[in-house]
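All figures in this text were calculated on a predicted structure; none of them were measured in a lab. Chain A is the first sequence line, chain B the second, and so forth, proteins listed ahead of strands; every chain is numbered from 1. Every heavy atom of this structure was used, including side-chain atoms; hydrogens, water molecules and symmetry mates were not.
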2 protein chains.
Amino acid sequence: MGIFSKTCEYALRAVFFVAHKTAGGGRVGIKEIAEGIGSPEHFLAKVLQDLSRRGIVQSVKGPNGGFYTDESVLQRPISDVVEAVDGNGIFTGCALGLKQCSEINPCPLHHEFKTIRNELHRMLNATSIGEFNTDLISGITALKK
Amino acid sequence: MGIFSKTCEYALRAVFFVAHKTAGGGRVGIKEIAEGIGSPEHFLAKVLQDLSRRGIVQSVKGPNGGFYTDESVLQRPISDVVEAVDGNGIFTGCALGLKQCSEINPCPLHHEFKTIRNELHRMLNATSIGEFNTDLISGITALKK
DNA sequence: ATAATAAAAGAGTTTCTTATCTTTATTTAA
DNA sequence: TTAAATAAAGATAAGAAACTCTTTTATTAT
């Protein structure tokens, strides 16, 4: 696995896709999203339902329904997506999995890791969901496969 | 989960433990290691067998046998342990899980992530297995629970 | 040689993650 | 008010990761 779980990878790609598709208004259906990012449709549906319960995407049922992101969502940091799916273990947890690892009782990797974890957290906090739309529109970045 | 898999956490803790216990010579048995780092004995045995096949720890069967680390092992970077167990996906993989993500065809997070991944890799490469022995001996760092 | 010891190997179980399929609830448009 | 569209929810299954138990093999001391 990479840094994030596969579920989290899907979530991030889906959120970018929805943001990109609906920044100018409208909704996008689960089928189109799954197709657009290359993920299993039903599985992604679960993930998006979860994100919508947490307010990270919006959704409307029925005809012309689908998922969308409003302005407030576009401004949220992508760390919100990661935390919603993978939890905050990646930002706060000990690299060796030790419960009581801390500044006072550090594991061998504690200090080296603190820097990296903080840097990761800072980066994901400083990067907003909406930030990629212009790049996606101009086709510089890709979300599929 | 944290940055590494649970198996990898066990592996790192076990390697530090073995290095610490046998830096001055001698061997340490699987039972003592499992007890010392708080891991399931039989599961850890598998992990250490794997590491010993790859030369990251040494082992001797029979009475007075056990695992140990010689000088050459103490000088290896801890990235060797991580790569042996979790592979190098964490160092090289795309954060969004995209196969064809690259400099030319980057995903939305590509550039932001490159920095972090490189920093992580650099750190794990620059840190040797033997490096923690003095701290472990003086009791500053802990490996259990 | 033999017995004791300890790692190595194999087989099996449980749990978690990822994925699929089916049904239900809600909304809109005609 | 009915039919169609679509998200939400539930139930289940496949696969991988984590863990356990048992048997085998190698080594050493007696």
- Query: Are B/S5 and B/D86 linked by a side-chain donor-acceptor pair shorter than 3.5 Å?
  - Reply: yes
- Task: Shoot me the first and last contacting nucleotide of DNA chain C against chain B, ordered 5' to 3', at under 4.0 angstrom to non-hydrogen atoms.
- Result: C/dA4 to C/dA11
- Query: Hey, does the side chain of A/S59 come within less than 4.0 Å of D/dA8's phosphate (OP1/OP2), counting only N and O?
  - Reply: yes
- Query: For every nucleotide of nucleotides 11-21 of chain D, 5' to 3': is a protein heavy atom under 4.0 Å from its base (B), only from its sugar-phosphate (S), or from neither (-)?
  - Reply: B------BBBB
- Task: Give the intermediate values and the outcome of salt bridge (Lys or Arg N to Asp or Glu O under 4.0 Å) for residues B/R54 and B/D50.
- Result: CA-CA 6 Å; B/R54 293 162 186 267; B/D50 215 74; 3.2 Å; yes
- Message: For B/D70, is there any backbone N or O sitting under 3.5 Å from a side-chain donor or acceptor partner on B/Q58?
- Response: yes
- Query: Looking only at atom types and distance, does a side-chain atom of B/E131 sit under 3.5 Å from a main-chain N or O of B/S128, one as donor and one as acceptor?
  - Reply: yes
- Task: Could you check A/E119 against A/R122 for salt bridge (Lys or Arg N to Asp or Glu O under 4.0 Å), going step by step and ending with a plain yes or no?
- Result: CA-CA 5 Å; A/E119 181 58 19; A/R122 192 205 53 71; 3.0 Å; yes
- Measure up the A/F91 and A/H121 rings against each other and bin them: parallel (under 30°), tilted (30 to 60°), perpendicular (over 60°). parallel
- When you measure from the side chain of A/R27 to the backbone N and O of A/Y68, does any donor-acceptor pair fall under 3.5 Å? no
- Message: Within the 4.0 Å limit for protein heavy atoms, which parts of nucleotides 23-30 of chain D are touched? Write it as a string from 5' to 3', B for base, S for sugar-phosphate only, - for none.
- Response: --BSBBS-
- Backbone of B/L124 reached by a side-chain donor or acceptor of B/T127 within 3.5 Å: no
- Message: Ring-plane angle category for B/F4 and A/F113, please: parallel below 30°, perpendicular beyond 60°, tilted otherwise.
- Response: perpendicular
- A/M123-A/I129 co-clustered via ILVMFWY side chain contacts under 4.5 Å: yes
